[in-house]
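Letters go in sequence order (proteins before strands), and every chain restarts at 1.
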Amino acid sequence: MSNFVNMDIFSNYQKYIDNEQEVRENIRLVVREIEHLAKDAQIKLQIIHSDLSQISGACGSARKLIEACAEKYVKLATLVPPGQYYRYSDHWTYITQRLIFLIALVIYLEAGFLVTRETVAEMLGLKTKPGDGFHLDVEDYLLGILQLASELSRFATNSVTMGDYERPLNISHFIGDLNTGFRLLNLKNDGLRKRFDALKYDVKKIEEVVYDVSIRGLSNKDNKDGEQSVAATE
Amino acid sequence: MSKQGGGSHRNNAHKKRQPQVAVDEDNPIVQAFRNYSTELTTKHDRHERIVKLSRDITIESKRIIFTLHSIDSRKQNKEKILEEAQQRLNKLIEVNFRSIALELRDQDVYQYRNAYSAGLQEFIEAYTYMEYLSREDNDEPPKSVSDWQALQSVMQYVENPSKAKDEGASVEETDAAEEELPKKFQFFIDPTEYVLGLSDLTGELMRRCINSLGSGDTDTCMETCSTLQMFYTGYISLNLQRARELWRKITTMRQSVLKAENVCYNVKVRGGEAAVWGSNFDQKPAEDVDEGFY
């Protein structure tokens with residue numbers, strides 16, 4: 001009677017898993033390169049919190065680094081076998097979210113609107129539909145956008161410090177729209193949901209800044225309103 | 001469709017209703033988010049449907065395993081039970097796994113892995129246990145346990161449009177393919193899931209080893225024990241990284257092996273007394289380890 005346990009199963013599985021390890025190893029190398037580029041871009045963009053005049057320069061250099069990331073993504077896409085995106089996606093979700101955030105920040109600083117998923121995907125050289133190949137996951141996009149909200153609340157505070165009293169109002173409108181958008185989503189009790197729950201703190205922070213600015217009549221736009229409300233309290 | 005956990009759903013519905021009155025549909029952000037919302041909902045719904053299907057498979061597989069444990073050499077009920085188990089397992093393949101396969105068609109199977117993994121593993125446990133028991137007496141063609149390729153070859157399906165519609169699972173897919181010839185599809189068996197499911201079989205073997213002692217069938221004790229030892233050798237021969245789940249299972253497996261070895265030791269030492277004291281033997285050694293039914 002031959003054995004019930006077929007030892008080939010284990011040697012075959014070992015081969016299978018060794019293959020997988022190799023793929024992961026290669027993915028990790030490329031992801032690390034992307035991480036370096038993204039970090040540089042993030043550092044370049046930190047200047048917005050201390051010098052408003054350098055914003056467009058910072059955006060320019062960040063864009064270059066993002067372009068370099070796009071090249072790496074092309075390489076990454078070749079490493080992932082078709083139809084197995086989610087088998088390996090844990091390697092790159094984090095850094096992709098970070099890049100989405102950086103792109104969204106650059107676009108917001110340059111143009112003042114929310115970058116769409118399609119544009120982000122294009123800038124990173126990714127597809128939008130899973131069926132078309134290496135794509136940009138919609139949840140990653142949304143998580144990246146939530147990072148943008150936190151950064152903008154910090155930016156609102158700092159622009160006041162640097163004497164720009166208009167900016168917090170724009171940011172406040174923008175985050176308000178964003179908040180409305182997120183409320184349209186039917187979220188499950190998952191990571192995205194948890195991260196979304198933190199959005200209200202960013203909203204609150206920005207609203208406080210706007211309040212401080214308007215009640216003291218610092219903003220030109222709200223100058224009248226501000227004076228009126230001050231007068232009313234007197 | 002109630003696809004969400006009670007609490008979160010209520011919460012959501014509440015939150016959603018208020019701002020919807022004031023939502024400015026011309027706002028580009030709102031328009032974009034409407035699309036994202038549809039996409040997320042589609043994904044969540046599919047996930048929930050698969051979870052449901054998987055849960056049915058888990059329950060039925062556990063029941064089959066339970067039935068298989070009622071095989072008792074003193075009752076001569078083996079053939080009947082094996083036949084029943086075989087039928088029920090086939091039904092799982094033909095109905096439940098087929099539905100999951102339909103859901104997963106043209107999808108990235110790894111994306112929904114968490115949704116079906118539990119059911120698949122439990123099924124593999126039941127299936128291989130059935131195989132183990134059926135080879136004991138038909139030793140003319142002594143077959144080894146099916147590997148994942150063998151299981152994969154049973155999970156092949158041919159599209160049957162009218163039936164697919166009845167199941168209501170994926171009407172769009174069937175619509176698109178209606179004019180063409182029946183298409184083939186399969187339920188993809190991930191080798192890792194297979195290896196994880198197979199590792200659970202050792203728990204059942206341990207139980208069979210101990211139960212056989214209870215009925216005085218010491219040959220079965222020895223046989224299951226040596227099978228267990230071989231499985232254990234196979235599993236520890238694997239050289240793995242990033243496999244916490246499997247590592248946990250191998251630890252459990254070691255416990256099962258030790259228990260079975262202890263049974264064999266007792267058989268050897270006390271021999272004929274076994275049938276007498278076996279009835280008092282602790283029959284629930286692994287309650288914390290396994291998932292119910294005992």
Side chain, backbone, both or neither: which part of [X] has an atom under 4.5 Å from a heavy atom of chain B?
X	result
A/R117	both
A/Q14	both
A/Y16	side chain
A/F182	both
A/I9	both
A/N12	both

[atom1]-[atom2] distance between [X] and [Y], expressed to the nearest 0.5 angstrom:
X	Y	atom1	atom2	result
A/D90	B/Y110	CG	OH	12.5 Å
A/D137	B/Q111	CG	CD	6.5 Å
A/Y13	B/D147	OH	CG	14.0 Å
B/L228	A/F4	CG	CZ	11.0 Å
A/T116	B/Q31	OG1	CD	12.0 Å
B/D45	A/K188	CG	NZ	9.5 Å

Smallest separation among heavy atoms of A/N186 and B/H44, with atom names
O-ND1, 3.7 Å

Determine the minimum heavy-atom distance between A/L184 and B/S37, stating which atoms define it.
O-OG, 3.2 Å

Toward chain A, the part of [X] with a non-hydrogen atom under 4.5 Å:
X	result
B/Y112	neither
B/I236	neither
B/V145	both
B/T38	neither
B/Q241	both

Heavy-atom count check: over 12 atoms from other residues, nucleotides or ligands less than 6.0 Å from [X] [atom1]?
X	atom1	value
A/K39	NZ	no
B/K43	NZ	yes
B/Q186	CD	yes
A/R154	CZ	yes
A/E22	CD	no

Does any non-hydrogen side-chain atom of A/L142 lie less than 4.5 Å from one of B/L40?
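The answer is yes, as the side chains (C-beta and beyond) meet within the 4.5 Å cut-off.
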
Measuring only between side-chain heavy atoms, which start at C-beta, is B/T192 closer than 4.5 Å to A/I17?
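The answer is yes; the side chains approach within 4.5 Å.
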
Could you tell me whether a side-chain N or O of [X] sits under 3.5 Å from a main-chain N or O of [Y], the two making a donor and an acceptor?
X	Y	answer
B/D108	A/Y85	yes
B/Y36	A/Y141	no
A/N6	B/S144	no

